[in-house]
> 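Just passing along the structure, written as structure tokens.
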Amino acid sequence: RHPSAETRSLESRALGMMRLDPLSLYRLPWSLTDNPIAWLEPTQQCNLACDGCYRQNLKNHKSLEEVQVELDVFARLRNFDGVSIAGGDPTLHPDVVEIVRRVTSMGRKAILNTNGLGLSIELLRGLKDAGLVGLTFHVDSHQGRPGWRDKTEAQMNELRSEYVELVARVGGLSVAFNSTVYEDTLDQVPDVAEWAARNIDRVSTVVFIMYRAARNDSFEYFSGGCRADASKLVYSIETPRKTDISAHDVVERLRRADPLYEPCGYLNGTVDPQSFKWLVALRVGTPKRIHGYAGARMMELTQAGHHFVTGRYMSYASPSTLAAGRAALLGAWTLDAGMRRASRHWLGSMLRDPKDALSKQHFQAVVCIQPIDLLEDGRDNMCDGCPDMTVHEGKLVWSCRLEE
């Protein structure tokens, strides 16, 4: 039997996705000084020991005065929309509510990055009262969580759902999820993406972060021309592991499960222009059905338009903004090829189920983050325009390299 034209088209698109062309996507305009995010780490203490974590777990809380100094450095050096309050785990900081309040008083969005273990309904309400806009939960199967060891990513979706329900009890907060992708969980990426699609009305973003480590078996490390002992780094490994998982690998798995999947924006590397360090797809639909993915022009309109109106690139969108997919399907289809395809699928679903026309259509971001790559010639390929820059000794530095 010969494959149908539709099958050949899908196979051709799938093959094309293996060769992502940066010139066909929107290069996100984020830079060192003009960026949607500032990355604040008020504590190094954590209540988990995640595989691949880049921060040594120490009971080391910064004082409110130290936190304020770092916020002032951000305000002086970086035009930003929101502050990712990370760590460690910020729920362990005794003054996390006051930190959120201080971010809010700057006129910036406060976003909490947490594994969720230290989060209670009482703390969540206090954080919301202080101005919290949203939370990003890090949940994956390599965290060694009590009661969740040796689970698959599909099984971890039960825990993700519990956190969604917890936040829903407070209401009005955006919810995102990060998970690290390892060699043995790469094929499980679609399980998380499909769960997120079924919860598109309550989950704003799902992020896949490729596993990285400092390998001592195949690299020598130098600092200032002198040999450095990388074994002291918390993320150093002696046993060979796959540390070069790429955005292409994740895209391949997502494409197999969802032929509609289409990225629209990216950040490239500081050395390799064809590397995809941040790769963003923006899908639209309901928990019942994903209609399609926005194209590069839609992402450009979103980022450039927000900057034109507010003077800042957009970080976290509110739940009400993300629920405006129906208006976007009606208004943006003339400007964006991806939205035109999604509009056609939406029309088809309306013909099958007229009630779908009345359903809210939600946006959801699917993000792939490919951290530092050590190239064969020894150069570091970092994220160009990285949102996760933090403050160290009064300077902006990559948060993933603080231990170094």
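Computed from a prediction, not measured in an experiment: that's the story for all the values here.
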> Nearest 0.5 Å, what's the CG-CD distance between Leu159 and Gln143?
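Rounded to the nearest 0.5 Å, the CG-CD separation comes out at 8.0 Å.
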> Checking Glu194 now: which residues fulfil side-chain hydrogen bond (donor to acceptor under 3.5 Å, both in side chains) with it, not counting sequence neighbours?
none
> What pairs with Thr33 under side-chain contact (heavy atoms from CB on, under 4.5 Å), at least two apart in sequence or on another chain?
Ser31
> Do NZ/NE/NH1/NH2 and the carboxylate oxygens of Arg289 and Asp353 come within less than 4.0 Å?
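No.
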> With sequence neighbours excluded, tell me which residues meet side-chain hydrogen bond (donor to acceptor under 3.5 Å, both in side chains) with Asn57.
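Asn57: no side-chain hydrogen bond (donor to acceptor under 3.5 Å, both in side chains) contacts found.
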> Does the pair Arg255/Glu252 count as a salt bridge with the N-to-O cut at 4.0 Å?
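Between Glu252 and Arg255 there is no salt bridge, as every charged N stays at least 4.0 Å from the carboxylate O atoms.
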> Among all residues two or more places apart in sequence or in another chain, which pass the ring-ring contact (aromatic ring centres under 6.0 Å, His included) test with Tyr182?
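For Tyr182 the ring-ring contact (aromatic ring centres under 6.0 Å, His included) partners, ignoring immediate neighbours, are His142, Tyr211.
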> Who pairs with Phe276 by ring-ring contact (aromatic ring centres under 6.0 Å, His included), at least two apart in sequence or on another chain?
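Phe276 satisfies ring-ring contact (aromatic ring centres under 6.0 Å, His included) with His248, Tyr266 only.
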> Whether Arg27 and Asp384 form a salt bridge (side-chain N of Lys/Arg under 4.0 Å from carboxylate O of Asp/Glu) is what I want to check.
yes
> Kindly write out the residues that satisfy side-chain hydrogen bond (donor to acceptor under 3.5 Å, both in side chains) with Trp398, not counting sequence neighbours, or none if the list is empty.
none
> Pairs in or reaching into residues 123-136: which pass side-chain hydrogen bond (donor to acceptor under 3.5 Å, both in side chains), with residues at least two apart or in two chains?
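Only Thr136-Tyr316 qualify under side-chain hydrogen bond (donor to acceptor under 3.5 Å, both in side chains).
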> Does Tyr163 have any ring-ring contact (aromatic ring centres under 6.0 Å, His included) partners at least two apart in sequence or in another chain, and if so, which?
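Applying ring-ring contact (aromatic ring centres under 6.0 Å, His included) to Tyr163 gives Phe137.
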> If the condition is ring-ring contact (aromatic ring centres under 6.0 Å, His included), which residues does His306 pass it with, not counting sequence neighbours?
none
> Side chain of Gln364, backbone of Ala196: donor and acceptor closer than 3.5 Å?
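Side chain of Gln364 to backbone of Ala196: a pair is present.
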> If the condition is side-chain hydrogen bond (donor to acceptor under 3.5 Å, both in side chains), which residues does Arg202 pass it with, not counting sequence neighbours?
Glu165, Asn199
> Do the charged groups of Glu220 and Arg215 touch, with an N to O distance under 4.0 Å?
no
> Just checking, is any N or O donor in the side chain of Glu153 or Asn157 under 3.5 Å from an acceptor N or O on the other one?
no
> Can you tell me how far the CZ atom of Arg78 sits from the CH2 atom of Trp30, to the nearest 0.5 Å?
10.0 Å
> Run the salt-bridge test on Asp51 and Arg241 with the 4.0 Å N-O cut-off and return the result as yes or no.
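The answer is yes: the pair qualifies as a salt bridge.
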> Kindly state each residue pair satisfying ring-ring contact (aromatic ring centres under 6.0 Å, His included) with at least one member in residues 93-112, sequence neighbours excluded.
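Only His61-His93 qualify under ring-ring contact (aromatic ring centres under 6.0 Å, His included).
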> Can you name the side-chain contact (heavy atoms from CB on, under 4.5 Å) partners of Glu98, sequence neighbours left out?
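Only Leu64, Asp95, Arg101, Arg102 meet the side-chain contact (heavy atoms from CB on, under 4.5 Å) criterion with Glu98.
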> Can a side-chain donor-acceptor contact be found between Arg55 and Gln44 if the only test is distance below 3.5 angstrom?
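Not at all, the side chains of Gln44 and Arg55 share no donor-acceptor pair under 3.5 Å.
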